[in-house]
> 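This is the structure, below, for whatever I ask next.
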Protein chains: 2
Amino acid sequence: MSDADRLNDDVTAPSCKKIKFDHQTENGVSDVKIQLKDFIPEKILRNNTNTKTVCVQGKFISKSGVAIVILEKNVFKEEDLNDKGYFSPETVLETYFQNDIYGNYACFPKSSINGVKATIIYPASEKHIIKYSQQEVHIVLETPELYEKLTLPFIKKEQFNLQWVYNILDGTSEQDRIVHDNKCEKEGFVLLPDLKWDGLTKETLYLLAIVRQRGIKSLRDLNESHLPLLRRVQEEGKKKILEKYNIRDSQLRIYLHYQPSFYHLHIHFTYLRHEAPGIYAEKSHLLSTVIDNIEMMGNYYQKASLPFTIREMDNIFDVYETNGYVQRIKPNIQNTELIDK
Amino acid sequence: MSDADRLNDDVTAPSCKKIKFDHQTENGVSDVKIQLKDFIPEKILRNNTNTKTVCVQGKFISKSGVAIVILEKNVFKEEDLNDKGYFSPETVLETYFQNDIYGNYACFPKSSINGVKATIIYPASEKHIIKYSQQEVHIVLETPELYEKLTLPFIKKEQFNLQWVYNILDGTSEQDRIVHDNKCEKEGFVLLPDLKWDGLTKETLYLLAIVRQRGIKSLRDLNESHLPLLRRVQEEGKKKILEKYNIRDSQLRIYLHYQPSFYHLHIHFTYLRHEAPGIYAEKSHLLSTVIDNIEMMGNYYQKASLPFTIREMDNIFDVYETNGYVQRIKPNIQNTELIDK
């Protein structure tokens with residue numbers, strides 16, 4: 001696993017606002033006159049129903065090469081929430097139903113206030129296609145036996161490169177980013193902003209605690225011998241974040257991922273209201289629950305069946321597929337059809 | 001808690017399809033002819049820029065009482081991603097910039113394909129206003145002692161009305177919506193689309209299993225005697241969803257909320273890739289984990305410390321605040337400022 005994979009914590013979130021500013025050419029703008037009406041869609045790469053964003057692959061009429069069009073519904077502008085905008089007579093309202101005090105309607109505002117952000121990449125490379133493609137995700141329930149038989153040999157075989165982690169711990173990299181450093185070999189850890197965070201905006205606060213102790217691959221390895229370490233990370237992490245960022249522990253989400261993106265124990269700290277990637281129940285385990293589980297049962301994480309999600313393009317998917325524990329979705333029925341009721 | 005709260009599973013995401021079906025009156029529909037153009041907006045209660053949803057408080061011209069209008073941009077329908085829809089000559093395109101292979105545009109599709117979902121609540125009560133307002137959220141770690149001392153008395157005192165649940169189970173309401181019905185009193189349950197789901201779009205699949213057995217308030221009450229019931233919900237729910245919607249169990253997220261929105265045991269089924277509201281680690285417990293925990297330790301849910309989130313305006317917040325377990329954020333430092341480093 002390379003350093004670049006550090007940020008690859010997110011399977012589903014869109015990356016639709018990423019525009020390249022470099023290499024602007026004098027005549028780059030006027031050379032290509034692109035029209036959406038000339039776009040021939042061929043494949044829906046991704047359709048995010050939460051953020052209302054869609055990525056479509058296709059081509060342009062009488063042009064060679066692949067194009068990607070990314071459409072994202074605009075947020076509501078507050079200046080349009082009045083009798084000239086959404087509440088104007090031009091807005092068409094169709095009633096779904098009305099019942100007692102509740103009514104549900106389809107509403108068609110005039111086009112000029114109801115825009116969509118469009119990004120066009122043309123010509124797009126194979127890398128662009130992969131980047132903007134939705135990948136099929138599956139959930140697997142990893143029993144202790146499956147961990148021993150499939151996951152652990154996979155982790156060992158892949159021999160993830162942890163040099164970048166050791167560089168941080170040993171003081172040879174990213175030292176200016178460190179927020180807190182407890183140098184105890186057994187219970188110490190380094191706290192630093194996750195690369196996804198700008199280090200400034202409270203709403204998106206995201207820090208990472210990397211423990212100094214080596215050899216703890218993940219949640220699966222934790223037992224009662226690690227309780228002092230886990231409690232220290234929890235207490236010192238909370239205290240430092242209150243001091244430095246003025247956020248109380250009741251507004252922090254403190255958790256571990258399973259599977260993690262790298263196999264050296266680390267703990268995530270995010271602002272509770274921030275919908276950070278990978279905070280879903282099938283991926284994240286609150287540190288308080290982890291500590292509580294181990295307090296109740298020392299070998300909880302060696303006995304428990306732990307769910308995790310895998311994308312069909314992940315190498316570990318092949319391992320579980322070959323052994324019959326998960327099945328690939330056939331490409332031709334991928335998320336494009338409505339359900340036939 | 002009233003019937004209207006049945007869908008109140010979600011702190012941050014929009015609640016835009018929340019419609020009350022019961023107690024429909026003969027003339028309820030025709031009595032009130034509501035027009036968006038008569039709406040006078042007074043206050044933006046919440047503007048979610050992630051899900052593109054806005055909640056506005058106001059009133060109607062020459063009518064008394066408060067109204068709430070909730071607008072949510074529609075998801076992209078895949079059948080509109082063609083030369084009759086978004087890529088038709090009717091779509092107006094304005095260039096922000098074009099640079100090398102990347103271009104960024106404002107796009108104005110014709111109104112008929114670019115709808116907005118509108119929900120109107122009129123007349124709205126103070127409770128509705130609170131529900132749709134942006135609120136500070138806190139996480140609380142509920143030990144078994146705190147459950148007994150604070151949460152349980154609160155649940156009992158509030159005397160949540162479950163009549164609408166019994167109406168479904170007894171066959172007097174919403175019978176046309178039922179997807180599966182196992183009538184066994186001990187292990188039976190009813191499976192039906194959640195009101196947030198349109199019942200059609202695979203990408204946003206969301207069903208609810210409501211157990212027939214009465215008196216199981218939440219996760220906290222579950223023990224080994226409930227294992228047959230839980231396994232039945234899991235197995236029959238998966239099977240039915242495969243049959244009817246052609247979605248395999250490896251692409252389903254099956255979970256319970258803690259705290260739940262109503263205190264009669266129910267289990268959520270969503271499409272794994274759908275970022276449904278309330279699926280975060282601090283709120284959702286996968287059914288497979290619940291079963292596994294009880295199998296390992298019969299009284300797990302009576303012994304465990306369970307985290308839950310509360311909004312400052314929730315009644316239960318006062319209970320925990322009064323007893324010193326959580327502190328209100330001062331309004332003037334609410335999430336609006338950058339952190340002063």
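First the proteins, then the strands, lettered A, B, ... as listed; each starts at 1. Just so it is clear, the model here is predicted, and its values are computed rather than measured.
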> What part of Leu93(B) gets closer than 4.5 Å to chain A, counting heavy atoms only: side chain, backbone, both or neither?
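Contact with chain A is through the side chain of Leu93(B) alone.
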> With a 3.5 Å distance limit and no angle check, can you tell me whether Gln251(A) reaches the backbone of Val137(B) through a side-chain donor-acceptor pair?
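At least one qualifying donor-acceptor pair exists.
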> Quick one: does Ser250(A)'s side chain get under 4.5 Å of Val140(B)'s, heavy atoms only?
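Sidechains of Val140(B) and Ser250(A): no contact.
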> If you count heavy-atom pairs within less than 4.5 Å of chain B, which of Pro41(A), Pro307(A), Ala67(A), Ser284(A) leads?
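Heavy-atom pairs under 4.5 Å are most numerous for Pro41(A).
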> Hey, which of Ile68(B), Leu81(B), Thr143(B), Ile40(B) has the most heavy atom pairs under 4.5 Å with chain A?
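The option with the most such pairs is Leu81(B).
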> Between Pro89(B) and chain A, with a heavy-atom cut-off of 4.5 Å, which part of the residue counts as in contact: side chain, backbone, both or neither?
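Contact with chain A: backbone and side chain both.
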> Are the side chain of Arg248(A) and the backbone of Val326(B) linked by a donor-acceptor contact shorter than 3.5 Å?
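No, the answer is negative, given that no donor and acceptor are paired below the 3.5 Å cut-off.
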> What's the separation between atom CZ in Phe76(A) and atom CG in Leu71(B), rounded to the nearest 0.5 Å?
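Here the interatomic distance stands at 4.5 Å.
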> Would you say that Met296(A) contacts Met296(B) through its side chain, given a criterion of any heavy-atom pair below 4.5 Å between the two side chains?
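Answer no - side chains too far apart.
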> Within the side chain of Arg253(A), is there an N or O that forms a donor-acceptor pair under 3.5 Å with the backbone of Tyr280(B)?
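Not at all, since once roles are kept as given, no pair shorter than 3.5 Å links the two residues.
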> Please check this pair: side chain of Ser111(B) against backbone of Pro109(A), looking for a donor-acceptor N/O pair closer than 3.5 Å.
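Here the side-chain-to-backbone pair exists.
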> Rounded to the nearest 0.5 Å, how far apart are SG of Cys107(B) and NZ of Lys117(A)?
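These two atoms lie 12.0 Å from each other.
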> So which part of Asp83(B) gets closer than 4.5 Å to some heavy atom of chain A, the side chain, the backbone, both or neither?
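Contact with chain A: none, neither part.
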> Go through the atoms of Leu252(B) and report whether side chain, backbone, both or neither lie under 4.5 Å from a heavy atom of chain A.
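Backbone only.
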> Which atoms of Glu295(B) come close to chain A, meaning under 4.5 Å heavy atom to heavy atom: side chain ones, backbone ones, both, or neither?
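Neither the backbone nor the side chain of Glu295(B) comes within 4.5 Å of chain A.
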> Which region of Thr289(A), side chain (C-beta onward) or backbone (N, CA, C, O), has a non-hydrogen atom less than 4.5 Å from a non-hydrogen atom of chain B, or is it both or neither?
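For Thr289(A), the contact with chain B is made by the side chain alone.
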> Atom CG of Leu272(A) and atom CD of Glu136(B): how far apart are they, to the nearest 0.5 Å?
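Atom-to-atom, Leu272(A):CG and Glu136(B):CD are 9.5 Å apart.
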> List the residues meeting side chain to side chain donor-acceptor pair (under 3.5 Å) with Ser112(A), not counting sequence neighbours, and say none if there are none.
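Side chain to side chain donor-acceptor pair (under 3.5 Å) check on Ser112(A) returns nothing, list empty.
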> So for atom NZ, which belongs to Lys110(A), do other residues, nucleotides or ligands contribute more than 12 heavy atoms lying within a distance under 6.0 Å?
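Yes, enclosed.
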> Check the side chains of Glu78(A) and Asn47(B) for a donor-acceptor pair under 3.5 angstrom, ignoring hydrogens and angles.
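Result is yes, a qualifying pair exists.
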> Please classify the contact of Val69(B) with chain A as side chain, backbone, both or neither, using a heavy-atom distance under 4.5 Å.
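For Val69(B), the contact with chain A is made by the side chain alone.
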> With a 4.5 angstrom heavy-atom cut-off, could you sort out which part of Thr91(B) is near chain A: side chain, backbone, both or neither?
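Only the side chain of Thr91(B) comes within 4.5 Å of chain A.
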> What part of Ile44(B) is in contact with chain A, defined as an atom under 4.5 angstrom from a non-hydrogen atom: side chain, backbone, both or neither?
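Only the side chain of Ile44(B) comes within 4.5 Å of chain A.
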> Got Asn293(A) and Tyr300(B) here, is their nearest side-chain heavy-atom distance under 4.5 Å?
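Yes. Closest side-chain heavy atoms under 4.5 Å.
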> At a heavy-atom distance under 4.5 Å, which candidate from Ser305(A), Gly58(A), Ala124(A) has the highest pair count against chain B?
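Option with the greatest count: Ser305(A).
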> State which residues pass side chain to side chain donor-acceptor pair (under 3.5 Å) with Ser125(B); sequence neighbours excluded, sorted by chain then number.
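Checked Ser125(B) against side chain to side chain donor-acceptor pair (under 3.5 Å); matches are His128(B).
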> Report the C-alpha distance between Tyr255(A) and Glu282(B) in whole Å, list the side-chain angles of each, state the deciding distance to 0.1 Å, and finish with yes or no for side-chain contact (heavy atoms from CB on, under 4.5 Å).
CA-CA 9 Å; Tyr255(A) 56 104; Glu282(B) 63 272 18; over 6 Å; no
> Only pairs of heavy atoms separated by less than 4.5 Å count here; which of Met297(A), His285(A), His138(A) has the most with chain B?
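The residue among Met297(A), His285(A), His138(A) with the greatest pair count is His138(A).
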> From Tyr105(A) OH over to Ile120(B) CD1, what is the distance, rounded to the nearest 0.5 angstrom?
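Result: 4.5 Å between the selected atoms.
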> Gln134(A) and Glu203(B): side-chain contact (heavy atoms from CB on, under 4.5 Å), yes or no, with the steps?
CA-CA 12 Å; Gln134(A) 177 114 37; Glu203(B) 288 87 341; over 6 Å; no
> With a 4.5 angstrom heavy-atom cut-off, is it the side chain or the backbone of Val56(B) that approaches chain A, or both, or neither?
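Only the side chain of Val56(B) comes within 4.5 Å of chain A.
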> Can you tell which part of Tyr325(B) gets under 4.5 Å to a heavy atom of chain A, answering side chain, backbone, both or neither?
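Answer is neither: Tyr325(B) stays 4.5 Å or more from chain A.
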> Report the distance from atom CG of Leu306(B) to atom OG of Ser288(A), rounding to the nearest 0.5 Å.
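Interatomic distance, Leu306(B) CG to Ser288(A) OG, rounded to 0.5 Å: 9.5 Å.
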> Between Thr51(A) and Lys52(B), is the side-chain contact (heavy atoms from CB on, under 4.5 Å) condition met? List the steps.
CA-CA 7 Å; Thr51(A) 61; Lys52(B) 284 87 178 183; 4.2 Å; yes
> Mind checking the CZ-CG spacing from Phe108(A) to Asn74(B)? Nearest 0.5 Å is all I need.
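Reported to 0.5 Å precision, the distance equals 7.5 Å.
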> Between Lys73(B) and Asn114(A), do the side chains contain an N or O donor and an N or O acceptor separated by less than 3.5 Å?
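Note: Lys73(B) and Asn114(A) side chains meet the donor-acceptor criterion.
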> Measure distances from Glu94(A) to the heavy atoms of chain B and classify the residue's part below 4.5 Å as side chain, backbone, both or neither.
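Neither; nothing under 4.5 Å.
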> Side chain, backbone, both or neither: which part of Ile139(A) has a heavy atom under 4.5 Å from chain B?
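Both parts, backbone and side chain.
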